[in-house]
Amino acid sequence: MDENIIENTDPIYELHCIRHSTAHIMAHAVEQMFPDAKFAIGPVIKDGFYYDMALPRNLNDDDLVEIEKRMKDIVKSNNPFRRDEWDKDKAREWFGEHHQDFKLELIDGITDEKVTIYTEGDFTDLCAGPHVRYTKQCKNFKLLKTSGAYWRGDEKNPMLQRIYGTAWKTKEELDLHLNQLEEAKKRDHRKLGKELELFFFHPYAPGSPFWLPKGNTIFQILSSKIREYNARNGYVEVRTPQLFKKDLWETSGHWEHYKDDMFNFESEEETYSLKPMNCPSHMLIFKSQLRSYRDLPIRIHDQGVLHRNEDSGALGGLTRVRMFSQDDAHVFATEETLKQEINSILTMIKRIYSVFDMKFSVSLSTRPENFMGEPELWDMAEKMLEEVIIENELEYKLNKGDGAFYGPKIDYLVTDAIGREFQTATTQLDFQLPRRFDLTYVDKDNSFKHPIVIHRAMYGSLERFIGILIEHYAGIFPLWLAPVQCHVINISDRHAEYAHKVSNLLAERGIRAVVDDRNETMNYKIREAQLKKIPYMLIVGDKEMEAESIGVRNLKGGDLGLATVSDFIEQITAEAKMDF
RNA sequence: GCCCUUGUAGCUCAGUGGUAGAGCACAUCCUUGGUAAGGAUGAGGUCACGGGUUCAAGUCCCGUCGAGGGCUCCA
């Protein structure tokens with residue numbers, strides 16, 4: 001029996017086995033509770049595992065407790081995992097008898113003659129393996145949550161129930177992981193957004209953030225920094241309409257692909273839509289003049305407000321909203337300048353993410369099923385993007401079939417505190433829209449040619465980017481981005497006037513300072529400034545008033561001692577300087 | 001949109017069918033302070049909304065809306 005078990009002591013492999021085996025143990029426990037359970041798939045994922053299954057009723061949190069209890073009993077009984085190879089016919093017969101419909105489908109999808117079967121105690125499952133030797137090796141686990149999941153990920157299929165769990169080799173690793181999850185919750189941008197008074201949502205406008213003064217300050221700083229950076233790199237900025245007739249979206253192809261995801265309404269017997277993106281506007285801008293090859297590349301930047309009618313269930317904090325702005329731009333290039341432009345965009349993206357000290361990963365998405373245009377063009381575009389990535393020595397993941405309907409794209413993904421990946425920047429090639437809009441420029445030989453369009457964004461959605469930044473910095477923003485840079489704290493009433501004088505001097509030099517002259521103790525005001533993550537606290541009392549100075553306290557560094565106001569202004573101005 | 005969870009004061013939360021609570025925040029007064037919470041008093045709630053069950057509903061049931069976790073989607 002035991003000789004069928006594969007031995008391997010590679011730690012990554014071992015952890016994989018532990019997680020996968022724990023998924024089996026979980027299914028085993030579920031089967032004890034629901035003998036009619038039909039099991040689908042139970043793979044290993046980052047930090048753990050899940051198992052999808054059809055059950056006679058929906059699970060609740062109490063069920064998870066019960067399942068966990070039963071799992072512990074199974075672990076304790078220390079059953080061995082036995083590996084068998086069955087002929088497919090035997091497997092079909094067995095799983096058929098046990099009414100495991102999903103397993104039967106899976107067996108049909110397996111090309112080998114034989115299938116592998118793992119048995120632990122009285123629970124038998126179709127499984128490629130491998131597994132641990134005994135259930136006791138799976139004692140460090142925790143079930144985390146239940147959710148719905150479509151069979152084979154297709155929303156037309158019935159919805160199954162999924163249980164997620166985490167599993168580790170040692171109790172220490174498990175506790176560390178659970179602790180990290182707790183820590184990550186503390187830096188959740190929704191929690192910090194409320195605590196730091198950055199933004200909020202109201203039920204009257206689901207998915208659309210209200211930017212409070214402090215959050216708006218961050219928004220405006222990011223917006224102006226990217227605006228300046230774009231300008232230095234040859235971009236011009238425009239403002240474009242919010243509402244368009246349906247005809248525009250039909251021309252662009254968005255109506256066909258996305259009409260259900262747009263906000264549409266009737267007015268004077270015409271259908272209008274709130275713009276879900278800027279590109280069609282920019283096509284019209286290009287078309288508004290006769291263009292020469294000498295004008296290209298033309299780089300148009302636009303931070304307009306966009307609306308997308310996202311599914312209610314998809315909304316979440318700032319990372320998935322219905323109203324947002326992008327640092328959007330479209331570059332109209334010739335074939336000769338195209339590669340240079342993509343390269344320059346990549347350089348800009350690298351610069352920006354280095355400023356935020358954020359790592360990004362790159363994915364290349366290729367032709368989807370519902371693509372428009374000629375396959376040859378797609379091939380050429382995909383090759384060019386790949387070349388640029390390789391020339392920039394970036395690792396990338398190939399996402400076959402994940403491109404936009406008009407062209408292939410490079411997406412840039414950053415990882416948040418909990419390890420969830422979010423798309424931010426993007427570079428998308430487009431040979432289609434210029435044709436659909438019949439955009440042309442006059443080339444050297446006096447012929448009309450279609451430009452090639454690059455859609456690109458660096459932050460992506462400002463909303464999402466700020467959400468990610470909040471978590472990245474745990475609310476402690478770098479000085480240049482901190483919505484309030486200084487709290488001027490007077491010790492008693494007689495120092496209030498001087499506190500305002502200091503604050504005014506700072507404000508004159510563009511430093512974002514606020515006087516906290518409430519009738520509270522200095523300690524109280526310091527505590528509150530610390531909790532609000534204000535970078536500098538400037539204490540003013542008798543001592544400071546006499547010397548025309550301030551007592552400087554740093555959020556992270558504590559009491560820094562006395563400084564003259566002018567010295568401090570000089571120092572903080574230098575410290576708060578940032579340009580991409 | 002689908003599955004699950006959830007909605008009590010501005011915030012964080014307690015309240016398991018029988019007269020709505022705490023801490024913080026807020027207001028007034030006292031206090032005038034030296035690097036993370038000074039004190040007293042007070043105001044503040046149609047328990048998200050709409051139905052239903054019950055002698056009686058914040059509490060149980062149904063629906064709507066919002067939020068959270070997933071699934072699907074993400075131009």
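Reckoned from all heavy atoms, side chains included, excluding hydrogens, waters and symmetry mates. Chain identifiers are assigned alphabetically (A, B, ...) following the order of the sequence lines, protein sequences preceding nucleic acid strands; residue numbering begins at 1 within each chain.
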J.: Go nucleotide by nucleotide along RNA chain B from the 5' end; which of Gly153(A) and Gly403(A) gets its closest nucleotide reached first?
T.: Gly153(A)
J.: Grab the N/O contacts between the protein and nucleotides 43-47 of chain B below 3.5 Å, and write none if there aren't any.
T.:
none

J.: Among rU31(B), rA67(B), rC71(B), which nucleotide sits nearest the side chain of Tyr150(A)?
T.: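 Within the option list, the nearest is rC71(B).
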J.: Given rG68(B), is OP1 or OP2 found less than 4.0 Å from the side-chain N or O atoms of Arg190(A)?
T.: yes
J.: For Thr166(A) versus Asp47(A), what's the shortest heavy-atom pair and its separation?
T.: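 Result for this residue pair: OG1-O, 2.5 Å.
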J.: Name the closest nucleotide to the Ala404(A) side chain, picking from rG69(B), rA75(B), rC71(B).
T.: rA75(B)
J.: What's the CG-C1' distance between Asn157(A) and rC73(B), to the nearest Å?
T.: 16 Å
J.: Which label fits Phe102(A) and Trp151(A): parallel for a plane angle under 30°, tilted from 30 to 60°, or perpendicular past 60°?
T.: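 Rings of Phe102(A) and Trp151(A): tilted, as their planes differ by 30° to 60°.
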J.: Which nucleotide sits closest to the side chain of His254(A): rA75(B), rC2(B), rG70(B)?
T.: rA75(B)
J.: Rounded to the Å, how far apart are Asn519(A) CG and rA25(B) P?
T.: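 Distance, rounded to whole Å: 14 Å.
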J.: Could you state the CD1-P distance from Ile489(A) to rA36(B), rounded to the nearest angstrom?
T.: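 The answer, rounded to whole Å, is 11 Å.
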J.: Summarise protein proximity over nucleotides 3-12 of chain B in one line of letters, 5' to 3': B for base, S for sugar-phosphate only, - for none, counting protein heavy atoms closer than 4.0 Å.
T.: BSS-----SS
J.: Taking atom P in both rA22(B) and rG15(B), what distance in whole Å separates the two?
T.: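 It comes out at 15 Å once rounded to the nearest Å.
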J.: My understanding is that only residues two or more places apart in sequence, or in another chain, count here; which of them pass side-chain contact (heavy atoms from CB on, under 4.5 Å) with Lys145(A)?
T.: Tyr164(A)
J.: Can you list everything that forms a side chain to side chain donor-acceptor pair (under 3.5 Å) with Tyr258(A)? Sequence neighbours excluded, please.
T.: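 Partners of Tyr258(A) by the side chain to side chain donor-acceptor pair (under 3.5 Å) criterion come out as none, since no residue qualifies.
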J.: What is the separation between atom CG on Leu562(A) and atom P on rG34(B), rounded to the nearest whole Å?
T.: 16 Å
J.: Under 30°, 30 to 60°, or over 60°: which ring-plane class applies to Phe200(A) and His202(A), parallel, tilted or perpendicular?
T.: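 The arrangement is perpendicular - the two ring planes meet at more than 60°.
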J.: Distance check, P atoms only: rG21(B) and rA9(B), in whole angstrom units.
T.: 14 Å
J.: Using the test side chain to side chain donor-acceptor pair (under 3.5 Å), find all partners of Lys287(A) that sit at least two apart in sequence or belong to another chain.
T.: none
J.: Tell me, please, which residues at least two apart from Arg239(A) pass side-chain contact (heavy atoms from CB on, under 4.5 Å).
T.: none
J.: Between Lys409(A) and rA75(B), is there a contact of a side-chain N or O with OP1 or OP2 at under 4.0 Å?
T.: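 For rA75(B), OP1 or OP2 has a side-chain N or O of Lys409(A) closer than 4.0 Å.
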J.: Does rC74(B) have its OP1 or OP2 closer than 4.0 Å to a side-chain nitrogen or oxygen of Arg464(A)?
T.: no
J.: With no angle test and no hydrogens, is the base of rU72(B) tied to the side chain of Asp154(A) by a donor-acceptor pair under 3.5 Å?
T.: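 Absent.
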J.: Select one nucleotide: of rG66(B), rA75(B), rU35(B), the one nearest the side-chain heavy atoms of Pro206(A).
T.: rG66(B)
J.: Per the salt bridge (Lys or Arg N to Asp or Glu O under 4.0 Å) rule, what does the pair list look like for residues 460-470 of chain A, sequence neighbours excluded?
T.: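 Listed by first then second residue: nothing to list.
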J.: Within residues 520-530 of chain A, find the residues that approach RNA chain B with a heavy atom at under 4.0 Å, and present them sorted by residue number.
T.: Thr521(A), Met522(A), Asn523(A), Tyr524(A), Ile526(A), Arg527(A), Gln530(A)
J.: With Asn264(A), which residues qualify under side-chain contact (heavy atoms from CB on, under 4.5 Å), at least two apart?
T.: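 Per chain and number, Asn264(A) pairs via side-chain contact (heavy atoms from CB on, under 4.5 Å) with Trp255(A), Met262(A), Thr271(A), Ser273(A).
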J.: Given atom NZ of Lys543(A) and atom C1' of rU35(B), what is their separation to the nearest angstrom?
T.: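 About 10 Å, once rounded to whole Å.
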J.: Rounding to a whole Å, what distance do you find between Phe465(A):CZ and rC74(B):P?
T.: 23 Å
J.: May I ask you to decide if the ring planes of Phe465(A) and Tyr353(A) are parallel, tilted or perpendicular, using 30° and 60° as cut-offs?
T.: perpendicular
J.: What residues, two or more places apart in sequence or in another chain, satisfy side chain to side chain donor-acceptor pair (under 3.5 Å) together with Asp302(A)?
T.: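 Here the qualifying residues are Thr240(A), His282(A).
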J.: Here's a test for you: under side chain to side chain donor-acceptor pair (under 3.5 Å), which of Arg187(A), Lys186(A), Arg190(A), His189(A) qualifies with Glu471(A)?
T.: His189(A)
J.: When Thr427(A) is tested against each of Val331(A), Ile345(A), Leu346(A) for side chain to side chain contact (heavy atoms under 4.5 Å, CB included), which residue passes?
T.: Ile345(A)
J.: Heavy atoms only: give me the nearest Pro535(A)-Gln485(A) pair and the separation to one decimal.
T.: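 Taking Pro535(A) first and Gln485(A) second, the nearest heavy atoms are CD-O, 3.5 Å.
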J.: Any donor-acceptor pair under 3.5 Å between the side chain of Arg320(A) and the base of rC73(B)?
T.: yes
J.: Which pair of heavy atoms, one from Val488(A) and one from Ser503(A), lies closest together, and at what distance?
T.: CG2-CB, 4.1 Å
J.: Kindly write out the residues that satisfy side-chain contact (heavy atoms from CB on, under 4.5 Å) with Lys397(A), not counting sequence neighbours, or none if the list is empty.
T.: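 Lys397(A): side-chain contact (heavy atoms from CB on, under 4.5 Å) contacts with Ser363(A), Asn399(A).
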J.: From CH2 of Trp249(A) over to P of rA75(B), roughly how many Å is that when rounded to an integer?
T.: 15 Å
J.: Does rG69(B) have OP1 or OP2 under 4.0 Å away from a side-chain N or O of Tyr50(A)?
T.: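 Answer is no, no contact under 4.0 Å.
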J.: Does the side chain of Arg518(A) get closer than 4.0 angstrom to OP1 or OP2 of rC26(B) through an N or O atom?
T.: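 Yes, Arg518(A) has a side-chain N/O under 4.0 Å of OP1/OP2 on rC26(B).
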J.: Which dot-bracket string describes RNA chain B (Watson-Crick N1-N3 plus N6-O4 or O6-N4, or G-U N1-O2 and O6-N3, all under 3.5 Å; [ ] crossing; | other strand)?
T.: (((((((..((((....[..)))).(((((.......))))).....(((((..]....))))))))))))....
J.: P atom, rU64(B) versus rG23(B): distance in rounded Å?
T.: 39 Å
J.: Could you say whether Gly207(A) or Ile491(A) is positioned toward the 5' end of RNA chain B, judged by the nucleotide with the nearest heavy atom to each?
T.: Ile491(A)
J.: What integer number of Å spans the C1' atoms of rG51(B) and rA14(B)?
T.: 28 Å
J.: For nucleotides rA57(B) and rC62(B), find the distance between their C1' atoms and express it as a whole number of Å.
T.: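 15 Å, rounded to whole Å.
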J.: Taking the P atom in each of rU16(B) and rG68(B), what is the distance between them to the nearest angstrom?
T.: 27 Å
